[in-house]
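Remarks on the structure that follows.
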Amino acid sequence: VGLVVILIGVVLTIVDRQVERQTTAKIESDFFSTYQIFNRFLKLRNERLVQACLLISELPVLKAQLSTKDPATIKDYILHREESPARIVQADILTLTDDRGRVLFRFDRPEKFGDTLSALPFIRAALEGEDPVPDEITTWVDDEKLYQIAAVPIFQRYVIGTLTLGNRLTQAEVELLKQDTKSEITFILENKVVASTHSDIRQVDLLRVYLVDRDTIKEQIRRKETVVKEVTLDGERFLCAFARVSTSGDAIYVMAISMDAALASLHVIEQVIVVVGFLAIVLSLVGGYFLARGITAPVLRLVEATEKIRG
């Protein structure tokens, strides 16, 4: 019986570890597939922004308005004219600058103009006549809000200004990403969570994990290494990937898949194995008992008969 118990225990341990190893490997494989889906989402969104920028920047009426360098004229054109580019594309950011990077119009702040944006890398590149690269995601942090943007030069024999289009990364985007990737999505900007599908408690735990290892994570990202960590958020284990949203900013996105939820089926199997093992041990003990009685009973009767004969 003892040997049977040991054998069953060994079998249970081997099966348990093998199943957990295979399940974890499957989770990691699915995780990296989901990671690629997330990257494609951002790149497709970036391509749409770039295409819209290139299309609008070639509008003759836009070039004519921009050449006036008059904020009031440009504002009237953007906000009230039927041919306005604001009617062509849905964007949270639509900014026009002159050839020195001075703001002539901002769709999000129509009354504000005159600020110089030439220090921003994407504006500086546009002023130098460079078109954005479709695969290169660009972000802009403005007023503690995170935007995915694209900026292009506007030519009229030479660069007369720039056009920037952008969409804010909000809770709506992370919820959409969650549906597409079947994972939890979080955007982190410096030391705060911009948007997340996690609960408030898990957001606090995730931000704490990031801030503790922020320098290490950023250095690994800078070296273009894949940063994947297993972390515990509100008592639940998650496999998390950290990556920079774009090369132009410090915004970080985190994609997380619950290890505990994915291994839930394994826990059921473990419980079944334990129950089956327990029943096997009980049956072994009961069977061993009756087997022992079946063997020893005749021997005892024989001993008793022998003793009677001797007596």
Side-chain angles (χ1 to χ4, degrees), residues 39-71 73-110 112-143 145-170 172-173 176 187 244-249 251:
N39 282 331
R40 283 198 297 271
F41 174 89
L42 291 180
K43 287 181 179 179
L44 286 172
R45 179 175 166 138
N46 188 63
E47 287 175 6
R48 288 195 293 269
L49 284 171
V50 171
Q51 290 170 1
C53 273
L54 293 173
L55 174 64
I56 293 172
S57 68
E58 293 299 325
L59 294 174
V61 65
L62 175 66
K63 294 181 180 182
Q65 296 291 330
L66 191 62
S67 63
T68 68
K69 297 187 178 181
D70 180 25
T73 300
I74 296 172
K75 174 184 174 182
D76 179 68
Y77 161 64
I78 298 293
L79 295 181
H80 303 118
R81 300 291 183 85
E82 288 294 331
E83 64 272 22
S84 167
R87 300 179 185 272
I88 298 175
V89 62
Q90 294 286 334
D92 299 310
I93 291 286
L94 192 161
T95 301
L96 292 166
T97 75
D98 62 14
D99 57 348
R100 295 184 179 180
R102 184 170 60 95
V103 174
L104 297 176
F105 177 79
R106 285 188 60 160
F107 187 70
D108 58 323
R109 300 175 191 171
K112 188 173 182 179
F113 56 87
D115 292 344
T116 300
L117 302 180
S118 57
L120 296 173
F122 53 90
I123 295 293
R124 185 167 61 248
L127 290 173
E128 293 172 357
E130 298 178 14
D131 285 333
V133 179
D135 286 341
E136 187 173 309
I137 298 167
T138 304
T139 56
W140 182 17
V141 178
D142 185 52
D143 194 24
K145 297 176 180 135
L146 178 62
Y147 298 90
Q148 183 177 350
I149 60 96
V152 298
I154 299 176
F155 287 97
Q156 203 172 52
R157 295 194 305 273
Y158 54 88
V159 176
I160 62 172
T162 70
L163 166 67
T164 302
L165 292 178
N167 289 313
R168 186 180 170 191
L169 292 170
T170 65
E173 278 69 41
L176 180 61
F187 286 103
R244 184 173 286 134
V245 177
S246 74
T247 57
S248 62

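Just so you know, these numbers use all the heavy atoms, side chains as well, and skip hydrogens, waters and symmetry mates. Values in this document were obtained by computation on a predicted structure and should not be read as measured data.
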Of all heavy-atom pairs between [X] and [Y], which one has the smallest distance, and what is that distance?
| X | Y | answer |
| --- | --- | --- |
| Gln156 | Ala64 | NE2-N, 4.5 Å |
| Gln148 | Leu42 | NE2-O, 3.0 Å |
| Asp99 | Lys69 | OD1-NZ, 3.5 Å |
| Pro153 | Ser57 | O-CB, 4.0 Å |
| Ile123 | Gly101 | CG2-CA, 4.4 Å |
| Cys53 | Leu163 | O-CD2, 3.7 Å |

Side-chain donor/acceptor of [X] to backbone N/O of [Y], under 3.5 Å:
| X | Y | answer |
| --- | --- | --- |
| Arg87 | Arg81 | yes |
| Arg106 | Thr95 | no |
| Glu173 | Thr170 | yes |

Kindly indicate whether the side chain of [X], heavy atoms from C-beta on, has any atom under 4.5 Å from the side chain of [Y].
| X | Y | answer |
| --- | --- | --- |
| Leu117 | Trp140 | yes |
| Ile93 | Arg168 | no |
| Leu79 | Phe105 | yes |
| Thr116 | Thr97 | no |
| Thr164 | Leu120 | no |
| Thr138 | Pro132 | no |

Distance, nearest 0.5 Å, that separates [atom1] of [X] from [atom2] of [Y]:
| X | Y | atom1 | atom2 | result |
| --- | --- | --- | --- | --- |
| Leu49 | Leu54 | CG | CG | 11.0 Å |
| Thr139 | Tyr147 | OG1 | OH | 12.5 Å |
| Leu94 | Leu165 | CG | CG | 5.0 Å |
| Leu62 | Ile154 | CG | CD1 | 4.5 Å |
| Arg48 | Lys43 | CZ | NZ | 14.5 Å |
| Lys63 | Arg157 | NZ | CZ | 11.0 Å |

Atom [atom1] of residue position [X] - does it have more than 12 heavy atoms of other residues, nucleotides or ligands inside 6.0 Å?
| X | atom1 | value |
| --- | --- | --- |
| Glu128 | CD | yes |
| Phe107 | CZ | no |
| Phe41 | CZ | yes |

Checklist entry - Applying the side-chain contact (heavy atoms from CB on, under 4.5 Å) test to Asn167, which of Asn46, Ile149, Asp92, Val89 qualifies? => result Asp92
Checklist entry - In this structure, which one of Ile78, Thr73, Asp76, Leu96 forms a side-chain contact (heavy atoms from CB on, under 4.5 Å) with Gln65? => result Thr73
Item to check | Pairing of Asp142 and Arg109 as salt bridge, 4.0 angstrom limit | outcome: yes
Next on the checklist: Please enumerate all residues that pass salt bridge (Lys or Arg N to Asp or Glu O under 4.0 Å) together with Arg102, with sequence neighbours excluded.
Outcome noted: Asp98
